[in-house]
Amino acid sequence: MMDLLPTITVRRMGFEYPPDLDPVFIQGEPEESYLFAALSLLLPYLEPYLIRTMKDARNRITDPALLRDLDKFIAQEGQHYTQHARFNALFRDRVDGIADLERTMNAEYRRFSSSRSLRFNLAYSEAFEALATAVACAYADQDHSKWHPAAEDLFGWHLVEELEHRAVVFDVYQQLCGDYLYRVKVAQFAHRHLLGFARRAMMHLLDADPRCETTFGGAAGRRRRMRRLVGVMLREVLPRALKSYSPRYSPRDLPITPSVAALKSRADELAVKSS
Ligand SMILES: [Fe+2]
Ligand SMILES: [Fe+2]
């Protein structure tokens with residue numbers, strides 16, 4: 001099958017958000033909106049950690065092709081967290097307690113960088129990349145007609161680039177460590193840890209939005225929407241993420257869904273052209 005994403009492209013984006021953008025940016029879907037917002041809140045702390053980890057690994061890599069990809073990985077992740085930090089600022093100031101959550105996330109990833117081994121940090125980073133790949137494939141196949149276009153463009157661009165660089169951390173881990181059992185042991189921890197942060201931030205945002213009790217139908221509305229959201233995650237995200245636990249796993253072998261092509265064209269179209 002033709003590779004839909006054969007190269008890693010570092011795009012500069014000029015996203016603008018309306019200052020009154022509703023944090024429920026998926027119409028009528030507070031849980032899904034706040035789940036994506038929770039992931040977005042994590043990125044300005046998680047992605048700099050990925051960059052620190054890859055910079056630590058860099059001087060041990062000798063393969064010139066992998067070095068080139070590693071540098072593009074760092075450049076892409078640098079763009080991602082910068083753009084998400086701008087997006088997060090839109091609703092951070094409206095919700096009490098978000099700054100405390102962010103401080104906890106920041107301290108945790110700084111602690112990993114200063115006190116955990118490179119092997120651990122690479123395995124954790126790879127677990128995140130495998131999860132991002134699974135989310136990106138699932139996202140590409142979903143209907144986005146209820147999304148606010150500004151949020152859709154941000155997440156669409158980011159997830160396309162996650163797919164473009166999906167093999168880089170894996171390749172670095174394989175070259176420097178290569179221990180399968182250690183990789184899956186850390187992945188179990190990392191996936192629980194990442195989902196724990198996401199769940200905590202999502203519940204915080206939901207509890208802070210009074211419309212959940214009124215406009216969005218209270219507990220019954222939440223149960224109904226959560227059933228659908230959990231169903232999508234169990235059907236679309238989990239089976240893809242679980243592939244990374246196989247000893248034969250390679251991010252290159254994952255079937256990239258054809259709908260990614262549309263997301264890629266949109267990201268290319270929105271990228272700021274350098275003169
Ligand atoms: Fe990213
Ligand atoms: Fe990534």
Side-chain angles (χ1 to χ4, degrees), residues 4-13 15 35-58 61 66-88 102 105-106 109 112-113 121-140 151-174 183 186-187 190-191 193-195 197-198 201 237 240-241 243-244 249-252 254 256-257 260 263-264 266-268 270-271:
L4 290 168
L5 301 165
T7 51
I8 300 174
T9 304
V10 181
R11 301 172 183 82
R12 316 262 161 213
M13 311 305 281
F15 294 129
L35 175 60
F36 276 94
L39 293 171
S40 184
L41 278 170
L42 188 58
L43 296 173
Y45 309 101
L46 171 65
E47 289 185 321
Y49 160 70
L50 305 179
I51 292 173
R52 289 194 296 275
T53 300
M54 293 295 261
K55 283 184 173 169
D56 278 353
R58 195 182 188 285
I61 299 287
L66 184 52
L67 273 173
R68 260 196 309 278
D69 285 352
L70 187 153
D71 288 337
K72 285 187 179 176
F73 172 93
I74 289 174
Q76 281 192 333
E77 296 293 18
Q79 291 297 310
H80 297 169
Y81 81 78
T82 308
Q83 290 293 344
H84 279 274
R86 290 184 59 239
F87 178 75
N88 297 346
E102 289 187 303
M105 293 166 177
N106 191 21
Y109 288 112
F112 282 176
S113 289
N121 290 327
L122 281 172
Y124 186 106
S125 301
E126 165 48 26
F128 169 71
E129 291 293 307
L131 186 61
T133 297
V135 169
C137 287
Y139 175 91
E152 185 188 356
D153 283 338
L154 171 70
F155 282 94
W157 155 75
H158 186 167
L159 290 170
V160 160
E161 294 197 354
E162 287 302 320
L163 289 174
E164 287 178 344
H165 73 222
R166 68 192 183 281
V168 182
V169 180
F170 181 82
D171 289 348
V172 170
Y173 180 85
Q174 291 301 98
R183 179 172 72 75
V186 175
H191 288 150
H193 185 253
L194 286 160
L195 294 177
F197 265 149
V237 179
R240 289 174 164 123
K243 286 191 177 40
S244 68
Y249 174 68
S250 163
R252 286 187 186 78
L254 273 186
I256 297 293
T257 158
V260 165
L263 292 183
K264 181 183 180 302
R266 178 70 180 155
D268 287 339
L270 290 172

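Just so you know, these numbers use all the heavy atoms, side chains as well, and skip hydrogens, waters and symmetry mates. Note that ligands are numbered from 1 as they come in the structure, with each ligand's atoms numbered from 1 the same way. All values derive from a computational prediction rather than experimental measurement.
In Glu129, the N, O or S atom that comes nearest to the Fe ion (ligand 2) is OE2.
Side-chain contact between Tyr45 and Phe197 is absent, with no heavy atoms from C-beta onward closer than 4.5 Å.
The pair Arg52-Asp56 does not count as a salt bridge, with every side-chain nitrogen at least 4.0 angstrom from each carboxylate oxygen.
Counting only protein atoms, the N, O or S atoms lying less than 2.8 Å from the Fe ion (ligand 1) are Glu47 OE2, Glu77 OE1, His80 ND1, His158 NE2, Glu162 OE2, ordered by chain and residue number.
In this structure Tyr49 satisfies the ring-ring contact (aromatic ring centres under 6.0 Å, His included) test together with Tyr109, Phe112, Tyr124, sequence neighbours excluded. Applying the ring-ring contact (aromatic ring centres under 6.0 Å, His included) criterion to Tyr249, with sequence neighbours excluded, gives Phe170. For the ring-ring contact (aromatic ring centres under 6.0 Å, His included) test, no residue two or more places apart in sequence or in another chain qualifies with Tyr81.
Of the residues Gln83, Gln79, His84, the one that meets the side chain to side chain donor-acceptor pair (under 3.5 Å) test with His158 is His84.
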